[in-house]
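Right, one structure below, let's go through it.
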Amino acid sequence: MRRVRWDGVLPDLTTGSPRQQAWAVDIRNRYVRARWGDKWQFAMSDMDWARLTSLVDAKWWIDHRDDVAQAFEKQEPRQERRRPEQYWPPDLTARTPEDRRKAMKIRQALIDSRWGRKIPPAVQEALNRLTDADWWLRNKVGDGRPMAIDRAFGDELPEHDRRMMALPKGPYVPPHPGPCEEQPDYVVTHAAAKKIATEHGDLRLAPRPMDVPVEQRDSCCFSRGWRAGEAEGKQLWISRKAAELRRGNPRGTGADEEARLAMWRMERHLDGHG
């Protein structure tokens with residue numbers, strides 16, 4: 001049976017020694033898995049959820065380890081607790097119901113294989129934007145190489161999130177004559193992304209959306225310009241940060257390394273890692 005992720009979902013136990021808490025958590029997890037299965041967050045009722053999240057006493061679980069089911073049904077919830085909010089991708093627009101069904105299956109397969117239930121904010125933003133079923137159907141095949149949909153979706157993400165996908169590298173063949181770099185969409189997007197990344201270090205810190213017409217955002221040139229502009233802007237941000245560090249400490253060394261470290265910390269913070 002696939003293991004259930006408990007961290008960050010059920011509350012920590014508040015009483016008992018560390019050994020008692022570990023024992024009680026194991027009893028609780030075994031009971032939840034046996035009664036509701038892997039999809040326990042969705043299978044249990046609101047009342048059962050309130051009961052479960054109110055039982056934070058390690059002693060209770062240990063004392064009732066041989067009759068948890070009966071004791072659990074008699075337990076009255078001491079407080080109301082809301083279930084953790086789950087992100088649900090938006091509905092897709094399609095020409096036919098069959099196209100919509102196929103596209104949603106492709107999207108869900110990508111989400112399950114890459115992120116499961118812990119979907120990063122930048123990925124959520126891309127999913128909210130890519131609501132055209134034709135995009136998913138078209139990029140499922142892509143250029144015919146393996147992981148076409150993964151690489152196409154990666155083009156829609158900021159540089160850091162794309163690196164986390166560990167996508168294969170290879171030549172890109174645009175669906176238009178000439179390289180993307182020569183197309184108007186690329187020039188506009190590249191300039192906008194570069195400006196934001198230079199000023200803020202990351203596109204996710206932009207005070208407002210990029211000033212690019214909506215009709216241009218679905219093109220391959222938009223994605224490539226966005227990526228290239230962001231990469232160049234990040235390098236300029238690092239150079240500017242290093243220059244500031246040198247001015248503050250003219251005799252100091254390692255300003256470039258400290259600036260790159262500041263960039264890394266910022267990206268981790270935006271990814272929710274503190």
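All values reported here derive from a predicted model rather than from experimental measurement.
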Main-chain N/O of I196 paired to H200 side chain as donor or acceptor, under 3.5 Å
no
Please answer whether the main-chain N or O of P90 pairs with a side-chain N or O of T131 as donor and acceptor at a distance below 3.5 Å. no
*Flag the pair M104 / D99 as yes when at least one side-chain heavy-atom distance between them is below 4.5 Å, and no otherwise.*
no
Between the side chain of T15 and the main-chain N/O of A58, is any donor-acceptor distance below 3.5 Å? yes
So CZ of R151 and CG of L167: to nearest 0.5 Å the spacing works out to 8.0 Å
side-chain hydrogen bond (donor to acceptor under 3.5 Å, both in side chains) pairs touching residues 234-244, sequence neighbours excluded, are D202-K234, K234-E267
Tested for salt bridge (charged side-chain N to carboxylate O under 4.0 Å, His left out) against D91, the lone hit among R107, R101, R100 is R100
Rounded to the nearest 0.5 angstrom, the NZ-NE2 distance for K74 and H64 is 8.0 Å
Interatomic distance, CD@E230 vs NE2@H160, rounded to 0.5 Å, equals 10.5 Å
Of all heavy-atom pairs linking V56 and T53, the shortest is CG1-O, 3.8 Å
Hydrophobic clusters here meaning ILVMFWY residues chained together by side-chain heavy-atom distances under 4.5 Å, can you tell me if W264 and M165 are in one? no
Would you say that D256 contacts I238 through its side chain, given a criterion of any heavy-atom pair below 4.5 Å between the two side chains? no
Is the distance between the ring centroids of Y31 and W36 less than 6.0 Å? yes
- Sub-4.5 Å side-chain heavy-atom contact between L127 and I111: yes
* So do the side chains of I119 and R114 get within less than 4.5 Å of each other, counting heavy atoms only? -> no
On a heavy-atom basis, the closest approach of A103 and L137 is N-CD2, 3.9 Å
Test side-chain contact (heavy atoms from CB on, under 4.5 Å) applied to L110 and W136, step by step:
CA-CA 10 Å; L110 175 66; W136 293 93; 3.8 Å; yes
Residues passing the ring-ring contact (aromatic ring centres under 6.0 Å, His included) test with W115, sequence neighbours excluded, are F153
Looking only at heavy atoms, the pair that brings D57 and L13 closest together is N-CD2, 4.4 Å
* Asked: Between the side chains of H190 and E232, is a donor N or O closer than 3.5 angstrom to an acceptor N or O?
  -> yes
d(D67 CG, D63 CG) to nearest 0.5 Å is 9.5 Å
On a heavy-atom basis, the closest approach of R51 and E73 is NH2-O, 3.5 Å
Check your understanding: Does the pair K59 and Q20 meet the rule for a side-chain contact (heavy atoms from CB on, under 4.5 Å), with working shown?
Key -> CA-CA 8 Å; K59 185 176 184 297; Q20 289 172 328; over 6 Å; no
To the nearest 0.5 Å, atom CG of L261 lies from atom CE of M266 at 11.5 Å
Please tell me whether Q124 and N128 have a donor and an acceptor in their side chains that are separated by less than 3.5 angstrom.
no
Requested in this report: For E156 and A126, indicate whether the former's side chain and the latter's backbone hold a donor-acceptor pair under 3.5 Å.
Outcome: no
Quiz item: Hey, does L92 have a side-chain heavy atom less than 4.5 Å from the side chain of W135?
Solution: no
Quick one, W23 with W61, criterion side-chain contact (heavy atoms from CB on, under 4.5 Å). Give me CA distance, side-chain angles, the key distance, then yes/no. CA-CA 9 Å; W23 186 12; W61 291 98; over 6 Å; no
_Backbone of L157 reached by a side-chain donor or acceptor of R162 within 3.5 Å_ = yes
Shortest non-hydrogen pair, A255 vs L245, comes out as O-CD1, 3.6 Å
Looking only at heavy atoms, the pair that brings D161 and A122 closest together is OD1-CB, 3.4 Å
Rounded to the nearest 0.5 angstrom, the CZ-CZ distance for R65 and R30 is 13.5 Å
